[in-house]
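Reviewing the structure listed below.
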Amino acid sequence: MIYSERVRITSMVRVRFAPSPTGHLHIGAARTSLFNWLFARHCSGKFILRIEDTDMARSSEKMSKGILEGLKWLGLNWDEGPIFQSERIEIYKKMAEELVRKDHAYYCYCLPEEIQNRKKEAPFGGRDWKYDRFCLKLSEERKRELEKEGRPKAIRFLVPEREIEYRDLIHGSISVETKNIEDFVLLRSDGLPTYHLSVVVDDLDQGITHVIRGDDHISNTPKQILLYKSFESSPPEFAHLALIFGSDKKKLSKRHGVTSVIQFKEDGYFPLAIVNFLSQMSWSPGEEERIYSVEEMVKGFSLDKLSKGSPVFDLAKLEWLNGQLISQMEAEELAPYVTEELRREDLWQEKLDKEMREWFLRLINLLKERSHTIKDFSVRAKPFLTDGLSYDPAGIEKYLKDERLGKLLPKLKEDFLLMEDFTSPHIEQVLRQRAEKEGVKAALFIHALRMLVVGEPVSPGIFEVLELVGKDKTIKRMGKFQNI
RNA sequence: GCCCCUGUCGUCUAGCCUGGUCUAGGACACCGCCCUUUCAAGGCGGCAGCACGGGUUCAAAUCCCGUCGGGGGCGCCA
């Protein structure tokens, strides 16, 4: 809070989300993006999208599109970009060479195999080994020879010996001795930059003031700070987010089930529910547990209120949140989504949008309270939209095997047949009267009707169900009693 | 192996900075009861947590040290 106030006065906040396009928009990446976005919007700053596609072998245009699609769906609109690193290759190269000129970096002619061999001879299988600066010590003459040979060369950063301390906005002070850091490669021998170089050059070029990213980058940060210094610039602020874990406390991955944002869309979740869910991992937007509007989240967001520990992904919580959202939405708002879902399940009829629009909205209202995802609507709406019922066997056993039904159901059917106003309160009145007259519990009729009309032992309140299904269909379905 | 980060109910979190108001609050999940026509929703109640050990202090979930657990990094990947 204190910090963001200060920044607001001195300069505009600029943050970025910089995924590498090696997969779909992962739920963890979406959360990182969300926190960047919330921070930018809270500070009235800029949110920049950058695609880190310097690893050509693993990147593809298709994946980039998938990421953009996911961000758009979540509503995380960006102000600048997408900027593709693959289009800036020359710049990185130039910057690396400049560092060589300034003696902050040097050419390395070592072949990967050579390094492997030297590493292997070191203790612990080389796990502790750091680049031995072989090429730093090369004589000018030897260098000329190697150049003449046309040996490919990489550029390595010359790591100075010192202590690095920085103040992480989430973790507080973090300090490291650089003697634990090897002379890392900046520019690969194929002329492409490594992550450390491109990220620093870009963050500098794009005027990034706050780097908000996963805490798997904590160990990389000192290297990058060193780079900022050698570019004679001051580093941005850093905020390292705790990564989402699966239920086994390991970094969330495909093993844990659905992790693609778009998959959640297809499974019937709303962006607002997902955004609430993601932000409520590591952050509490308020006192109550509920769906917060985007405006509320933006208003209340603060980096220093984020917790340090890794949250575990809990699908049950997402379902609950999504269900909360659905039940507080108006039927009108829900209609387009339900329509899409019914189309997908081949249950849609054009008249639902025309002469039966009113009926359709009432159906949505009836179903929304017990739906956790949009998918639930197509399952539950089926008996209302089609006559092809399937009867739950356990339900048949439980509710349709009573001896008395054979004699009583036809009587109730007669009652219904005589009704002019087939609406919920009247249906209830008629049914209860019949039950009383016959000396049976109304529940006997109610349960049997539910089985006959819906096919399932569960449904919304039966009288409202019957009203929506309508008199004709109700009577027709009652007639099937003998055949079940 | 080295370095770094992290640790409040099963899960998400409030509290920690600024010790006492914390016999640690809320929510999800689970269990029970109420409501009731089933389910859901709602209401009420229950289960369950400060990783451990030292220290500082009249007083520690809160401050300090250590231990243990979990995670990440140590690439010509990002």
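Residue numbers begin at 1 in each chain, while the letters A, B, ... track the order of the sequences. The model shown is predicted, which means the values in this text are computed figures rather than measured ones.
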Quiz item: In Watson-Crick or G-U wobble terms, both distances under 3.5 Å, what is the partner of B:C68?
Solution: B:G7
Exercise. Identify whether any heavy atom of A:D168 sits under 4.0 Å from a base atom; if not, whether one sits that close to sugar-phosphate; answer base, sugar-phosphate or nothing.
Key: nothing
Exercise. Report which part of the nucleic acid A:I218 touches: base, sugar-phosphate, or nothing (heavy-atom distance under 4.0 Å, all strands).
Key: sugar-phosphate
Quiz item: B:G71 phosphate, OP1 or OP2: any side-chain N/O from A:K251 under 4.0 angstrom?
Solution: no
Quiz item: Using atom C1' of each nucleotide, how far apart are B:C12 and B:G49 to the nearest Å?
Solution: 13 Å
Quiz item: Taking only N and O in the side chain of A:K249, is any of them less than 4.0 Å away from OP1 or OP2 of B:U11?
Solution: yes
Quiz item: What nucleotide, of B:G71, B:C76, B:U37, holds the atom closest to the side chain of A:R156?
Solution: B:C76
Quiz item: Nearest to the side chain of A:S307 - B:A29, B:A14, B:U38?
Solution: B:A14
Quiz item: Roughly how far apart, to the nearest Å, are B:A61 and B:C22 at atom C1'?
Solution: 9 Å
Self-check item: Rounded distance in Å between the P positions of B:A60 and B:A51
Solution: 16 Å
Quiz item: Is the count of non-hydrogen atoms from other residues, nucleotides or ligands lying under 6.0 Å from A:R167 atom CZ greater than 12?
Solution: no
Quiz item: Using atom P of each nucleotide, how far apart are B:C35 and B:G71 to the nearest Å?
Solution: 49 Å
Practice problem: Verify the ring-centre separation between A:F277 and A:F313: is it less than 6.0 angstrom? | Solution: yes
Quiz item: Expressed as a whole number of Å, how far does the C1' atom of B:G15 sit from that of B:C63?
Solution: 16 Å
Quiz item: Closer than 4.0 Å, any side-chain N/O of A:H217 to the OP1 or OP2 of B:G72?
Solution: no
Quiz item: Hey, does A:E369 reach any base, or is it just sugar-phosphate, or nothing, if we go heavy atoms under 4.0 Å?
Solution: base
Self-check item: Near-ring test A:F422/A:F416, centroid separation under 6.0 angstrom
Solution: yes
Practice problem: Name the nucleic acid region contacted by A:S175, choosing base, sugar-phosphate or nothing; use a 4.0 angstrom heavy-atom cut-off, strictly under. | Solution: sugar-phosphate
Practice problem: Could you measure between the two C1' atoms, the one in B:C4 and the one in B:A40, and give it in whole Å? | Solution: 48 Å
Quiz item: With a 4.0 Å cut-off on heavy atoms, is A:F463 in touch with a base, just the backbone sugar-phosphate, or nothing at all?
Solution: base
Quiz item: Counting any heavy atom closer than 4.0 Å, what does A:P311 reach on the DNA or RNA strands: base, sugar-phosphate only, or nothing?
Solution: sugar-phosphate
Practice problem: Provide the distance between the two P atoms, one in B:C64 and one in B:C16, to the nearest whole Å. | Solution: 15 Å
Quiz item: Which of the following nucleotides, B:C12, B:G7, B:A29, is nearest to the side chain of A:V312?
Solution: B:C12
Practice problem: With heavy atoms under 4.0 Å as the rule, sort A:S284 into base, sugar-phosphate or nothing. | Solution: sugar-phosphate
Quiz item: So does A:K130 get a side-chain nitrogen or oxygen closer than 4.0 Å to the phosphate oxygens (OP1/OP2) of B:C74?
Solution: no
Exercise. Establish whether the base of B:C76 is bridged to the side chain of A:S189 by a donor-acceptor pair shorter than 3.5 Å.
Key: yes
Practice problem: Fit a plane to each ring of A:F264 and A:Y269, take the angle between them on a 0 to 90° scale, and name the class: parallel (under 30°), tilted (30 to 60°) or perpendicular (over 60°). | Solution: perpendicular
Quiz prompt | Ring center gap for A:H196 and A:F184 short of 6.0 angstrom | solution = yes
Quiz item: Across the strands shown, which category fits A:E182 at heavy-atom distances under 4.0 angstrom: base, sugar-phosphate, nothing?
Solution: sugar-phosphate
Self-check item: Any strand: nucleotide that pairs with B:A61 via Watson-Crick or wobble, under 3.5 Å
Solution: none
Quiz item: Looking for any heavy atom pair under 4.0 Å, which part of the strands does A:A154 touch: base, sugar-phosphate only, or nothing?
Solution: base
Quiz item: So A:Y107 and A:Y109, would you call those rings parallel, tilted or perpendicular, with 30° and 60° as cut-offs?
Solution: tilted
Quiz item: When you compare B:G75 with B:C3, how far apart are their P atoms, in angstrom units rounded to a whole number?
Solution: 16 Å
Quiz item: In whole Å, what is the span from the CD1 atom of A:I164 to the P atom of B:C3?
Solution: 16 Å
Quiz item: Tell me: CD of A:E287 to P of B:A14, nearest whole Å?
Solution: 11 Å
Exercise. Output yes when at least one side-chain N/O atom of A:S282 is less than 4.0 Å from OP1 or OP2 of B:U13, else no.
Key: yes
Exercise. Decide if atom CD of A:E161 counts as having more than 12 heavy atoms of other residues, nucleotides or ligands within a radius under 6.0 Å.
Key: no
Self-check item: Side-chain N or O of A:T54 closer than 4.0 Å to phosphate OP1/OP2 of B:A78
Solution: yes
Quiz item: With no angle test and no hydrogens, is the base of B:G1 tied to the side chain of A:D128 by a donor-acceptor pair under 3.5 Å?
Solution: yes
Quiz item: Could you state the CH2-C1' distance from A:W283 to B:A14, rounded to the nearest angstrom?
Solution: 14 Å
Quiz prompt | Residue met sooner reading RNA chain B from 5', once A:S173 and A:P112 are mapped to nucleotides | solution = A:S173
Quiz item: For A:P460, which contact category applies under a 4.0 Å heavy-atom criterion: base, sugar-phosphate, or nothing?
Solution: base
Practice problem: Could you walk me through whether A:Q206 and A:R50 pass side chain to side chain donor-acceptor pair (under 3.5 Å), step by step? | Solution: CA-CA 10 Å; A:Q206 290 148 27; A:R50 181 167 80 218; 2.9 Å; yes
Practice problem: Report which part of the nucleic acid A:K441 touches: base, sugar-phosphate, or nothing (heavy-atom distance under 4.0 Å, all strands). | Solution: nothing
Quiz item: How would you label the contact of A:P285 with the nucleic acid (heavy atoms, under 4.0 Å): base, sugar-phosphate, or nothing?
Solution: nothing
Quiz item: Out of B:G72, B:U37, B:C39, which has the shortest distance to the side chain of A:R370?
Solution: B:C39
Quiz prompt | Any A:R450 side-chain N or O less than 4.0 Å from OP1/OP2 of B:C39 | solution = no
Self-check item: A:M451 CE - B:U38 P separation (whole Å)
Solution: 16 Å
Practice problem: Please determine if a side-chain N or O atom of A:R432 lies less than 4.0 Å away from the OP1 or OP2 oxygen of B:U37. | Solution: yes
Quiz item: Does OP1 or OP2 of B:C12 have a side-chain N or O of A:R31 closer than 4.0 Å?
Solution: no
Quiz prompt | A:V465: which of A:L449, A:L363, A:V454 passes side-chain contact (heavy atoms from CB on, under 4.5 Å) | solution = A:V454
Practice problem: Write down the partner of B:C2 under the Watson-Crick or G-U wobble criteria, each distance required to be under 3.5 Å. | Solution: B:G73
